[in-house]
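Following: one structure in structure tokens, then a few remarks.
Every heavy atom of this structure was used, including side-chain atoms; hydrogens, water molecules and symmetry mates were not. Residue numbers count from 1 along this sequence.
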Amino acid sequence: MNKANPSANDSDTRSKQQKILSMLGLMTSKVLGENTFAKSSIYSERITRGLRSFLPKPLLPSASLAEFKMSKEIQMGYLVAAKDLKDVTIDQFNYMSLWATGDSDSSVVDRAAGMNFSEYLSQSKTPDKFVVGYKTAVIQFVRAIAGTGGVVFRINSALQKLDLNQQNDLVNKWFNQVNSYMNGASPFKPINNETKKASDSDEAIAAGVSKEINDGYLNNHPVGDSQKSLLENYSYNEDDFTDEHDLPKMMTDSIGKVSLSGDINAFVNNTLSGMLNALASLGLYALVYQDFNPANPDLVGAPATDSIDQETVISQTRTAILKVGRYFDLPKSCADLADKLGVLDLSNAGSARNAKHQNYRLRYSRVLEKDQPAVNDRGETVKVSYGIFETTHHILQNSFLLPLMVQYTTIRNQLLQQIADGQYTTSRNVSKPNFDLVDNLLEYVDALARYQIDQLMGLVERGQKDYEGLSQAGTFSAFSHLMRVAPEVKAVNPAYADMTKATKHLYYWLYQSSFKDSLPDDEHAKI
């Protein structure tokens, strides 16, 4: 969805509101004391300037505590917001962050505000002040999650500080946890269907996925230098005005007991935690299952460098990591990833207690209205907009992909160097690594690289044979024709025509390896 810029009228209204609120603040400072007012002003300044790290723009100014105490309409708006924010969804939070940073388009506000917003706003005698109060709660909520020092900031910062050894440790431990219940099964298939009883292995997977959502890896394992897990029993303890109001009971009876802190805690410990744990864990497993697989012949062409120097491999792989992700066609968004992960659909598992709520694949990929996907004016289901959480998704994805690619690239390049030096000319009969028995993920990737290169040694042998018979393919086009028609080399990879250019050129390099020194530079295959 494209953001609409606030209109000139909106800007004028907001400017007038700010002037009025400043005047009220000055008056209030005489009532509450200079010290309280100073703290409130500093708080407002911090909100205005402090949210540049992961939000599209800084947060708008919100009502300070002093301003809050001066207006019953602001207080009412704030409490209604606290009532509405008890069940914030991922998609709603994205629109809350847009509203809180200045996007006041009606479509944004409609998706950011909760179900009670319009009803109470229509009853308000001073709707502008009601909106100020409501929006203050929204801003405080967003700041707790996405502000500097907030939940997302802490998670992203911890992940970005990891060195390669720490990433190696993270990817090994995290994969071991998810593989302990997936045990080699496809992550793209639902657990069960309505026509059969779930097997014991399906039930184990369902239990594992459910635990991941309710109490997953980030809840129980420190990351990098962190002394405790990043999502362990989060408890918000900053600005919360819900107990600072002086509204009469008759005005608050319909709202009931509310707590902004409780709202934020529930969102972090349940909604955000479940989503991050599930998509990260199953996303890592799917990455390995689909791309670091003996049956993926294009993996051999994925490395970003042919260097055998460890530091060069690390630096060039890190620089090219987004390009590598595109090479593998990794999901571009959290919603796309969730849509692929059929295993997240627990609605037909034998242990499902509330089937319509346990299709996490649907819940994490589509906006739901009464448990049914929302449909736009074109008849399309609406995907969840993850907003700032996409940043965390991509950081996690890169934290998983980098150590795997560094390991694979290092071994692949060492073997290619042996081939280039004439030390490796025939198959070594390397055993195929067993995905079902992965104990150490990086050792598995090491074995995978050795196996895949060994499977291509027929190209080296055929190249030497053709050269000695003066019949070698002299161009890449001639080699590609050979791959299509010669049974001996066609057997190396019958799907050669569907491979990427990088993989095809590596094949040609292997074919030329025994006679490359006799060729002019402009005829050498490039990898």
Side-chain angles (χ1 to χ4, degrees), residues 168-169 171-188 201 284-303 306 308 310 313 317 324 327-328 400-465 483 487-496 498-500 502-504 506-507 509-511 513-514 527:
N168 288 341
D169 186 60
V171 76
N172 258 324
K173 289 180 178 177
W174 205 326
F175 183 82
N176 284 346
Q177 173 173 299
V178 68
N179 197 38
S180 67
Y181 56 84
M182 289 300 297
N183 200 28
S186 170
F188 307 116
S201 60
L284 167 60
Y285 183 84
L287 168 66
V288 179
Y289 182 91
Q290 180 166 282
D291 297 309
F292 288 85
N293 187 310
N296 177 19
D298 271 327
L299 175 57
V300 76
D306 63 353
I308 59 173
Q310 181 76 1
V313 170
T317 303
V324 175
Y327 181 90
F328 287 137
F400 296 150
L401 184 56
L402 180 66
L404 299 179
M405 278 309 304
V406 166
Q407 183 71 11
Y408 186 91
T409 300
T410 299
I411 301 304
R412 187 206 75 155
N413 292 353
Q414 289 174 355
L415 297 175
L416 294 184
Q417 186 63 54
Q418 291 176 21
I419 292 170
D421 292 342
Q423 299 169 0
Y424 188 4
T425 58
T426 61
S427 173
R428 295 172 177 173
N429 297 315
V430 177
S431 298
K432 182 179 180 179
N434 191 335
F435 181 77
D436 295 348
L437 301 177
V438 175
D439 184 38
N440 182 298
L441 182 56
L442 294 177
E443 290 179 2
Y444 164 80
V445 171
D446 179 306
L448 176 60
R450 296 181 189 281
Y451 172 77
Q452 287 195 315
I453 291 296
D454 199 64
Q455 293 299 297
L456 302 177
M457 293 307 294
L459 297 173
V460 177
E461 295 175 18
R462 176 59 185 253
Q464 184 174 9
K465 175 183 174 182
M483 286 295 299
E488 183 181 343
V489 289
K490 187 177 181 180
V492 171
N493 184 356
Y496 171 83
D498 299 324
M499 297 300 98
T500 64
T503 300
K504 291 178 179 178
L506 177 61
Y507 282 14
W509 183 94
L510 290 167
Y511 177 82
S513 61
S514 65
I527 57 174

Subject >> Atom pair CZ/CG of Phe435 and Asn183 - distance to nearest 0.5 Å >> reply: 9.5 Å
**OP:** Please round to the nearest 0.5 Å and tell me the distance separating atom CG of Leu456 and atom OH of Tyr511.
**Re:** 15.0 Å
**OP:** Verify the ring-centre separation between Phe292 and Phe328: is it less than 6.0 angstrom?
**Re:** yes
Subject >> Donor-acceptor contact below 3.5 Å, side chain Thr409 vs main chain Val406 >> reply: no
Subject >> Distance in Å, Met182 CE paired with Leu284 CG, rounded so as to fall on 0.5 Å steps >> reply: 11.5 Å
**OP:** State whether the side chain of Asp298 and the backbone N or O of Met499 hold a donor-acceptor pair below 3.5 Å, judged by distance alone.
**Re:** no
Original post:
Can you name the nearest heavy-atom pair linking Thr425 to Glu461, along with the distance?
Top reply: O-CG, 3.5 Å
Original post:
Are the side chains of Val288 and Asn293 in touch, meaning some heavy atoms are under 4.5 Å apart?
Top reply: no
Original post:
Taking all atoms of both residues into account, what is the closest heavy-atom pair of Pro297 and Thr503, and its distance?
Top reply: O-CG2, 3.8 Å
**OP:** Test side-chain contact (heavy atoms from CB on, under 4.5 Å) on Ile411 and Ile453 and set out the steps.
**Re:** CA-CA 10 Å; Ile411 301 304; Ile453 291 296; over 6 Å; no
**OP:** Work out which heavy atom in Met405 is nearest to a heavy atom in Val324; give both atom names and the distance.
**Re:** CG-CG1, 3.8 Å
Subject >> Tyr327 side chain to Pro303 backbone, donor-acceptor under 3.5 Å >> reply: no
Original post:
Would you say Asn413's side chain and Ile308's backbone share a donor-acceptor pair under 3.5 angstrom?
Top reply: no
Subject >> side-chain contact (heavy atoms from CB on, under 4.5 Å) between Asn168 and Gln407, worked out >> reply: CA-CA 9 Å; Asn168 288 341; Gln407 183 71 11; over 6 Å; no
**OP:** Step by step, work out the side-chain contact (heavy atoms from CB on, under 4.5 Å) result for Gln290 and Asn296.
**Re:** CA-CA 7 Å; Gln290 180 166 282; Asn296 177 19; over 6 Å; no
Original post:
Between CD of Gln452 and NZ of Lys432, what distance do you get to the nearest 0.5 Å?
Top reply: 10.0 Å
Original post:
Hey, are Asp454 and Arg450 close enough for a salt bridge, meaning a charged N less than 4.0 Å from a carboxylate O?
Top reply: no
Subject >> Minimum-distance pair of heavy atoms, taken over all atoms of Val171 and Phe400 >> reply: CG2-O, 4.0 Å
**OP:** For the pair Phe188 and Tyr289, evaluate side-chain contact (heavy atoms from CB on, under 4.5 Å) and give the outcome as yes or no after the intermediate values.
**Re:** CA-CA 10 Å; Phe188 307 116; Tyr289 182 91; 3.9 Å; yes
Original post:
Any side-chain heavy atom of Val178 within less than 4.5 Å of one from Tyr181?
Top reply: yes
**OP:** Compare all side-chain heavy atoms of Arg412 with those of Leu299 and state whether any distance is below 4.5 angstrom.
**Re:** no
Original post:
Which atom names give the shortest non-hydrogen contact between Ala502 and Gly301, and what distance separates them?
Top reply: CB-O, 3.4 Å
Subject >> Crowding at CG, Asp439 (>12 non-hydrogen neighbours, <6.0 Å) >> reply: no
Original post:
Is the NZ or CZ atom of Lys504 positioned over Tyr496's six-membered ring, under 6.0 angstrom from the centre and within 45° of the axis?
Top reply: yes
Subject >> Closest non-hydrogen atom pair, Gly184 against Asn179 >> reply: N-OD1, 3.5 Å
Subject >> Gap separating the CD1 atom of Ile419 from the OH atom of Tyr424, nearest 0.5 angstrom >> reply: 6.0 Å
Subject >> Side-chain heavy-atom pair Leu416, Ile527 within 4.5 angstrom cut-off >> reply: yes
Original post:
When rounded to the nearest 0.5 angstrom, what distance separates NZ in Lys465 from CZ in Arg462?
Top reply: 5.5 Å
